[in-house]
Asker: 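There's a structure below that I have some questions on.
As the structure lists them, so they are numbered: ligands from 1, and atoms in each ligand from 1.
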Amino acid sequence: EVGALVQSFNRMAAKLNEIEKQRDSTEQRRKDFIANISHELRTPLTAMKGFLEVLQEGFVKDPKLQQKYYNIMFRETEYLNQLVDDLMDLIKLEQKEISMHLKKVDIAEIIKVVSLQLNPTFIKRNNKLQSFTLEPLPYIIGDSLRIEQILTNIIHNANKFTSNGTITVKTKVQNDCLCVIVTDTGIGIPSHDLDRIWDRFFKVDRDRTKNGRGTGLGLAIVKELVKLHKGNIHVESKLGQGSTFTISFPIYNYDTLYNS
Ligand code: ADP
């Protein structure tokens, strides 16, 4: 009897230990998150303050240099805006406060809209965007604005990490899913970083890219949004050759929408 008691006591102690560990790691994650946010906010603010000071004091006489500083400050402001938007999304996703308006969605239409919107940024980086969407394309179940956000993010990244190249968007039907495949001929991702690109604030190269700098939150948000669609996303990439992101969504079926 004593043996059984000791055994169940040990089991209980192990369980408590496990709970404590879990709590510690959640707490640690929260602390890391806040430290990251502070860092991401402070860096552009410090830079802006520095430029403002030298401009305000009249130390910079050369109008060209003044213009350069204004441009940098403008970019930093844009970055801060994006950071706030991304953080709001992430926090809402975490607290399950994102409301999804699920209905049948024509993904070909969304691909067209996103391509059109991103066209000027493609021209800027001398990239070509090709899209081949199957017709007719089966409907999928989803929130069209959120799907637009997912595709904008992935296609925008493809453009950001490519120059003088081609970005291809294709669709494919596989089992009960519709896949959107975005391929670029850009810089690629080192294989040891492939798992980490989904982490918050992770950036392969922490320096700015030529096309402005990212928050490192985009893919963390995309991953959560894809999950809310009961979909899947994965990446294949070769350093120096390019990357392919494949996103799959469940195909629309009347029964799944109205009987679940
Ligand atoms: P960011 O705002 O930095 O783009 P993301 O979360 O969207 O943040 O992406 C995280 C990191 O993954 C990027 O900083 C980049 O290093 C890498 N990455 C994402 N997409 C691509 C791509 N198409 N080609 C190369 N690297 C990419």
Side-chain angles (χ1 to χ4, degrees), residues 29 32-33 36-37 39-44 47 75-94 98 111 114-115 117-118 121-122 124-131 146-170 179-228 231-247:
R29 258 169 61 92
D32 289 348
F33 187 48
N36 272 321
I37 295 174
H39 173 81
E40 295 293 322
L41 286 170
R42 200 168 289 134
T43 313
R75 275 216 311 271
E76 296 295 325
T77 320
E78 278 187 317
Y79 166 78
L80 283 170
N81 258 330
Q82 184 67 49
L83 184 65
V84 171
D85 284 351
D86 283 356
L87 281 172
M88 286 312 292
D89 270 353
L90 211 57
I91 289 166
K92 277 192 214 149
L93 279 163
E94 183 132 294
I98 285 228
I111 293 174
V114 172
S115 308
Q117 278 167 353
L118 290 180
T121 62
F122 275 80
K124 257 196 203 161
R125 297 190 57 77
N126 209 15
N127 285 328
K128 229 175 34 202
L129 176 66
Q130 299 178 326
S131 69
R146 294 298 171 189
I147 293 172
E148 191 177 317
Q149 187 179 359
I150 294 168
L151 295 183
T152 300
N153 230 302
I154 297 298
I155 300 174
H156 189 245
N157 271 351
N159 181 51
K160 204 160 77 176
F161 298 103
T162 305
S163 57
N164 303 312
T166 308
I167 287 93
T168 313
V169 184
K170 278 192 209 158
C179 303
V180 181
I181 306 153
V182 180
T183 306
D184 66 61
T185 57
I187 59 173
I189 302 162
S191 56
H192 59 270
D193 283 335
L194 277 177
D195 285 343
R196 305 173 63 199
I197 58 169
W198 314 100
D199 294 350
R200 297 157 173 192
F201 296 111
F202 179 80
K203 300 166 204 168
V204 171
D205 179 3
R206 298 205 67 85
D207 294 340
R208 295 145 209 250
T209 58
K210 279 196 204 124
N211 208 16
R213 99 177 122 123
T215 62
L217 293 175
L219 289 180
I221 294 171
V222 161
K223 196 172 180 188
E224 291 301 317
L225 288 175
V226 170
K227 219 189 321 173
L228 282 179
N232 228 313
I233 179 161
H234 75 268
V235 60
E236 283 162 52
S237 187
K238 271 224 164 80
L239 198 59
Q241 292 185 20
S243 313
T244 298
F245 283 81
T246 306
I247 315 146

Asker: Could you please spell out the steps behind the salt bridge (Lys or Arg N to Asp or Glu O under 4.0 Å) verdict for Lys227 and Glu224?
Answerer: CA-CA 5 Å; Lys227 219 189 321 173; Glu224 291 301 317; 3.7 Å; yes
Asker: Just to confirm my output: which protein heavy-atom neighbour is closest to atom 9 (O) of ligand 1, and how far is it?
Answerer: Leu219 CD1, 3.6 Å
Asker: Among all protein non-hydrogen atoms, which one is nearest to atom 4 (O) of ligand 1, and what is the separation to 0.1 Å?
Answerer: Lys160 NZ, 2.9 Å
Asker: Using a cut-off of 6.0 Å, state whether more than 12 heavy atoms not belonging to Asn164 lie near its atom CG.
Answerer: yes
Asker: Heavy atom of His156 under 4.0 Å from ligand 1?
Answerer: no
Asker: So is there a nitrogen or oxygen of Asn153 less than 3.5 Å from a nitrogen or oxygen in ligand 1?
Answerer: no
Asker: Parallel, tilted or perpendicular, judged at 30° and 60°: which one describes the rings of Phe201 and Phe33?
Answerer: tilted
Asker: Would you mind checking which non-hydrogen protein atom is closest to atom 11 (C) of ligand 1, with the distance to 0.1 Å?
Answerer: Phe202 O, 3.6 Å
Asker: How far is atom 12 (O) of ligand 1 from the closest protein heavy atom, and which atom is that?
Answerer: Ile197 CG2, 3.4 Å
Asker: Of all the atoms in ligand 1, which lie at a distance below 4.0 Å from a heavy atom belonging to Ala158?
Answerer: 23 (N)
Asker: State, to 0.1 Å, how close Lys223 and Trp198 come at their nearest heavy-atom pair, and which atoms those are.
Answerer: CD-CB, 3.8 Å
Asker: I'd like the name of whichever of Ser243, Gly242, Gly216, Ser237 reaches closest to atom 3 (O) of ligand 1 through any heavy atom.
Answerer: Gly216
Asker: Looking at Thr166, is its backbone amide N or carbonyl O close enough to the side chain of Thr185 to form a donor-acceptor pair, meaning the two atoms are under 3.5 Å apart?
Answerer: yes
Asker: Could you establish whether Phe245 and ligand 1 come within less than 4.0 Å of each other, counting only heavy atoms on the residue side?
Answerer: yes
Asker: Provide, to 0.1 Å, the distance between atom 26 (N) of ligand 1 and the closest protein heavy atom, together with that atom's residue and name.
Answerer: Ile189 CG1, 3.3 Å
Asker: At a 4.0 Å cut-off, with the gap strictly under it, does some heavy atom of Gly188 reach an atom of ligand 1?
Answerer: yes
Asker: For Gly218 and Asp86, work out which heavy atoms get closest and say how close.
Answerer: N-OD2, 4.4 Å
Asker: Identify, for atom 7 (O) of ligand 1, the protein heavy atom at the shortest distance, and state residue, atom and that distance.
Answerer: Asn157 ND2, 2.9 Å
Asker: Any chance you could measure Gln149, atom CD, to Leu225, atom CG, to the nearest 0.5 Å?
Answerer: 5.0 Å
Asker: Which residue holds the protein heavy atom closest to atom 15 (C) of ligand 1, what is that atom called, and what is the gap in Å?
Answerer: Phe161 CZ, 3.4 Å
Asker: Kindly give the heavy-atom pair with the smallest separation between Pro44 and Glu76, and that separation in Å.
Answerer: CB-OE1, 2.9 Å
Asker: Do you know the tightest heavy-atom contact between Val226 and Asn232?
Answerer: CG1-N, 3.3 Å
Asker: For atom 23 (N) of ligand 1, what's the nearest protein heavy atom and its distance?
Answerer: Asp184 OD2, 2.9 Å
Asker: Examine Val204 against ligand 1 and note whether any of their N/O atoms are separated by less than 3.5 Å.
Answerer: yes
Asker: Please step through side chain to side chain donor-acceptor pair (under 3.5 Å) for the pair Asn127 and Thr162, ending with a clear verdict.
Answerer: CA-CA 7 Å; Asn127 285 328; Thr162 305; 5.0 Å; no
